[in-house]
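A quick write-up on the structure given underneath.
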Amino acid sequence: MVTRGFSSGRKPPTDADARIPPGQYLEQGFPVLSAGPTPRVRTEDWSFTLKHGPRPIKTWNWTEFNALPLTKMTRDIHCVTAWTKFDTAWQGVLVDDILADAGVEPPTGFTLALSFDGYTTNVPTQDLTAGKAMVALLYEGKPITPDHGGPARLLVPHLYFWKSAKWLNGLQFTERDEPGFWELRGYHIYGDPWREQRYTGDP
């Protein structure tokens with residue numbers, strides 16, 4: 001029997017609670033957030049270039065890129081605007097397999113993701129390799145729509161979702177940790193949702 005006035009009203013933590021980083025709420029939909037207009041990139045015009053600084057290492061067209069090994073990845077994703085979405089299902093090419101096809105090891109510890117609309121974001125190279133990240137081509141078994149970054153977007157699910165650059169057209173290895181679009185505008189240089197690294201000055 002529960003006596004009125006002595007119940008805390010708190011529910012025991014659930015598995016779902018353990019999957020939501022601090023300051024986040026669970027989102028059932030998939031909000032669309034972009035820094036500018038949505039590019040409409042045709043697959044016939046799409047290409048992806050791996051670079052070391054300004055020097056191209058290798059470029060793939062859409063057909064060549066889709067011939068690389070495809071991997072499925074189901075992960076929770078976390079947006080800096082405070083929503084978390086569980087079990088998002090993606091398919092694409094692991095960054096490891098891109099490097100293998102180019103015949104290179106990562107030459108630097110830092111990488112810039114490059115997008116068709118000029119957007120950039122920085123990610124430590126170690127956060128892109130060892131199966132942690134991919135260039136996603138499909139979402140829930142279907143081509144990624146333009147508003148969600150199609151035809152191809154970066155997927156780095158363990159960092160805030162602004163690091164998963166939309167409309168991706170390249171990765172550039174850099175000698176230093178160069179801030180990208182949002183990082184230059186006050187967002188955290190790394191962006192770990194479990195440490196609430198939303199903005200410059202957060203721990």
N66 (side chain) donor-acceptor with W62 (main chain) under 3.5 angstrom:
yes
Within the supplied structure, the quantity of interest is the number of heavy atoms (other residues, nucleotides, ligands) at a distance under 6.0 Å from E44 CD; does it exceed 12?
yes
Each residue besides V80 in its hydrophobic cluster should be listed here, by chain and number; the cluster joins Ile, Leu, Val, Met, Phe, Trp and Tyr at side-chain heavy-atom distances under 4.5 Å.
Y119, Y160, W162, F181, W182, Y187, Y199
Does any N or O in the side chain of S164 come within less than 3.5 Å of the main-chain N or O of V156, such that one atom is a donor and the other an acceptor?
yes
Could you tell me whether a side-chain N or O of K166 sits under 3.5 Å from a main-chain N or O of D147, the two making a donor and an acceptor?
yes
For T74 and D87, indicate whether the former's side chain and the latter's backbone hold a donor-acceptor pair under 3.5 Å.
no
Are F48 and L70 linked, directly or through other ILVMFWY residues, by side chains that come within less than 4.5 angstrom of each other?
yes
Atom NZ of K85 and atom CD1 of I20: how far apart are they, to the nearest 0.5 Å?
12.5 Å
Give the intermediate values and the outcome of side-chain contact (heavy atoms from CB on, under 4.5 Å) for residues Y139 and T145.
CA-CA 9 Å; Y139 175 68; T145 58; over 6 Å; no
When rounded to the nearest 0.5 angstrom, what distance separates CZ in F30 from OG1 in T88?
6.5 Å
Counting only heavy atoms not in Q126, do more than 12 fall under 6.0 Å of its CD?
no
Non-hydrogen side-chain atoms of P69 and L94 separated by less than 4.5 Å:
no
If you group Ile, Leu, Val, Met, Phe, Trp and Tyr by side-chain heavy-atom gaps below 4.5 Å, do V104 and F65 land in one group?
yes
Minimum heavy-atom separation for W194 to A18, with atom names?
CH2-O, 3.2 Å
Keeping E27 on the side-chain end and T84 on the backbone end, is there a donor-acceptor pair under 3.5 Å?
no
About how many Å separate OH of Y190 and CG of D202, when rounded to the nearest 0.5 Å?
14.5 Å
Is N61 reaching over with its side chain to a backbone N or O of S47, donor-acceptor style, under 3.5 angstrom?
no
Taking T121 for the side chain and G180 for the main chain, is one N or O donor matched with an acceptor at less than 3.5 Å?
no
Could you give all pairs that pass the salt bridge (Lys or Arg N to Asp or Glu O under 4.0 Å) test and reach residues 169-190, with sequence neighbours left out?
K163-E183
Approximate separation, where rounding is to 0.5 Å, of D45 CG and N169 CG
12.0 Å
Which value, rounded to the nearest 0.5 Å, describes the distance between I77 atom CD1 and H158 atom NE2?
14.0 Å
Heavy atoms only: give me the nearest A113-L171 pair and the separation to one decimal.
CA-CD2, 3.8 Å
Do V135 and I144 sit in the same hydrophobic cluster, where Ile, Leu, Val, Met, Phe, Trp and Tyr count as joined when their side-chain heavy atoms come under 4.5 Å apart?
no
Determine the interplanar angle of the F161 and W90 rings, folded into 0 to 90°, and report it as parallel if under 30°, tilted if 30 to 60°, perpendicular if over 60°.
tilted
Determine yes or no for a side-chain-to-main-chain donor-acceptor pair under 3.5 angstrom, with D97 supplying the side chain and V93 the backbone.
no
Would a hydrophobic clustering, with Ile, Leu, Val, Met, Phe, Trp and Tyr connected at side-chain separations under 4.5 Å, put L159 with F110?
no
Under 3.5 Å, is there a donor-acceptor pair between the side chain of R153 and the main chain of H148?
yes
Out of curiosity, L138 CG to K142 NZ, how far, rounded to the nearest 0.5 Å?
11.5 Å
Check which hydrophobic residues are tied to L112 through side-chain heavy-atom contacts below 4.5 Å, counting indirect links as well, and list them.
L114
Between Q91 and T71 (side chain of the first, backbone of the second, donor and acceptor by atom type, cut-off under 3.5 Å), is there such a pair?
no
For the residue pair F173 and H52, categorise the inter-ring angle as parallel (less than 30°), tilted (30 to 60°) or perpendicular (more than 60°).
perpendicular
To check you understand the geometry: which heavy-atom pair defines the closest contact between G150 and W167, and what is its length?
O-CD1, 3.1 Å
Under 4.5 Å between side-chain heavy atoms, hopping through other hydrophobics if needed: is there a path connecting M73 to L168?
no
